[in-house]
Amino acid sequence: TAYRPFVTRALLPAVVRTVVRATPALQARVDGRIAQAVARAGPGQRMDRALATLGWTPADVYVHVIAAGVMFGCLLILPWVLRRLVIVFYDLPPPVADLAPVFALLPLPLFFVPYARYLYDPGTLLLWAVALLLVAERRTLWLWLLLPVIAYHKETAVLLPPLIALRNW
């Protein structure tokens, strides 16, 4: 995004960097195990080829594991937020409200095609779902507190204040 300086999308990379910097001992263990796996790879076990295919060096593995964990965490929390949104917007029986997030997330992998998936996508889904929930529940204070976080993540957060104004009008 260097050619588009107005695009931030910096929250999740900052979280990943913070976790990596806060866990140097764990990083050293993972780096050591990856180095051993590459050194001990036998015939048919081409760890170095797998890393090259991914475009990683052995030193990159830990950062990517942390990034995958952050994305997984966002996608793990998202169904609960979606369930709450369904309950707020629709008068449905509890079993339907429980299943609605599952059906909402089923087509999600179809959108993660090459050149259309990024580290910040799960965070964007989660933060905007939380923001929409806060707008719907008229939790304005929490929404204003969350606004800088969403803006640091993605600049489209500037669309939230008009949405808040419309909801509270």
Side-chain angles (χ1 to χ4, degrees), residues 1-85 98 100-134 142-160:
T1 59
Y3 62 96
R4 295 183 299 178
F6 56 87
V7 178
T8 57
R9 297 182 180 121
L11 179 65
L12 291 185
V15 168
V16 170
R17 278 192 305 274
T18 301
V19 171
V20 168
R21 288 180 186 146
T23 56
L26 185 57
Q27 182 176 6
R29 280 184 55 194
V30 170
D31 288 347
R33 288 191 180 205
I34 294 298
Q36 288 176 357
V38 169
R40 283 191 270 149
Q45 300 174 341
R46 303 297 303 183
M47 177 66 90
D48 54 342
R49 190 177 303 159
L51 291 174
T53 300
L54 292 170
W56 301 356
T57 65
D60 295 333
V61 172
Y62 183 70
V63 174
H64 287 286
V65 167
I66 297 299
V70 169
M71 289 188 297
F72 181 72
C74 290
L75 291 174
L76 194 63
I77 297 167
L78 184 61
W80 277 274
V81 176
L82 292 177
R83 182 183 184 280
R84 182 71 187 140
L85 277 168
D98 291 342
V102 173
F103 288 109
L105 294 176
L106 278 177
L108 192 59
L110 298 175
F111 295 98
F112 291 145
V113 296
Y115 307 108
R117 62 192 182 285
Y118 300 98
L119 170 66
Y120 52 80
D121 287 341
T124 301
L125 289 171
L126 178 62
L127 288 171
W128 274 95
V130 169
L132 181 59
L133 179 62
L134 293 174
W142 284 105
L143 192 53
W144 287 113
L145 292 173
L146 185 64
L147 184 63
V149 175
I150 298 174
Y152 183 60
H153 177 68
K154 197 167 179 189
E155 73 286 349
T156 52
V158 299
L159 299 174
L160 276 174

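Values in this document were obtained by computation on a predicted structure and should not be read as measured data.
Residues Val30 and Val65 form no side-chain contact, since every pair of their non-hydrogen atoms from C-beta on lies 4.5 Å or further apart. Looking at Leu127 and Leu11, their side chains come closer than 4.5 Å, going by heavy atoms from C-beta outward. When side chains are defined from C-beta on, Ile77 does not count as touching Val130, because their heavy atoms never get closer than 4.5 Å.
Rounding to the nearest 0.5 Å places CG of Leu26 at 4.0 Å from OH of Tyr62. Put simply, CZ on Arg84 and CG on Leu134 are 10.5 Å apart, with the number rounded to the nearest 0.5 Å. Trp128 contributes atom CH2, which lies 14.0 Å from atom CG of Leu133 (distance to the nearest 0.5 angstrom). Taking CD1 from Ile66 and OG1 from Thr23, the interatomic distance works out to 5.0 Å, rounded to the nearest 0.5 Å.
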_What verdict does the side chain to side chain donor-acceptor pair (under 3.5 Å) test give for Asp121 and Thr124, after you've listed the backbone C-alpha separation in whole Å, the side-chain angles of each residue and the deciding distance to 0.1 Å?_
CA-CA 5 Å; Asp121 287 341; Thr124 301; 5.1 Å; no
*Are Asp60 and Leu54 close enough, and set up right, to give a side-chain contact (heavy atoms from CB on, under 4.5 Å), and what steps lead you there?*
CA-CA 10 Å; Asp60 295 333; Leu54 292 170; over 6 Å; no
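Across Ala67 and Val16, no two heavy atoms sit closer than the pair CA-CG2, 3.7 Å. Here the closest non-hydrogen pair linking Leu125 and Leu78 is O-CD1, 3.8 Å. Between Ile150 and Ala157, the shortest heavy-atom contact is CG2-CB, 3.5 Å. Between Ala104 and Leu82, the closest heavy-atom pair is CB-CD1, 4.3 Å. In this structure, Pro79 and Leu105 approach most closely via the heavy-atom pair CG-CD1, 3.4 Å. Contact record, Leu12 with Cys74: CD2-SG, 4.4 Å, taken as the closest heavy-atom pair.
Among residues two or more places apart in sequence or in another chain, the side-chain hydrogen bond (donor to acceptor under 3.5 Å, both in side chains) test is passed with Asp98 by Arg83. Residues forming a side-chain hydrogen bond (donor to acceptor under 3.5 Å, both in side chains) with Trp56 (at least two apart in sequence, or on another chain): His64.
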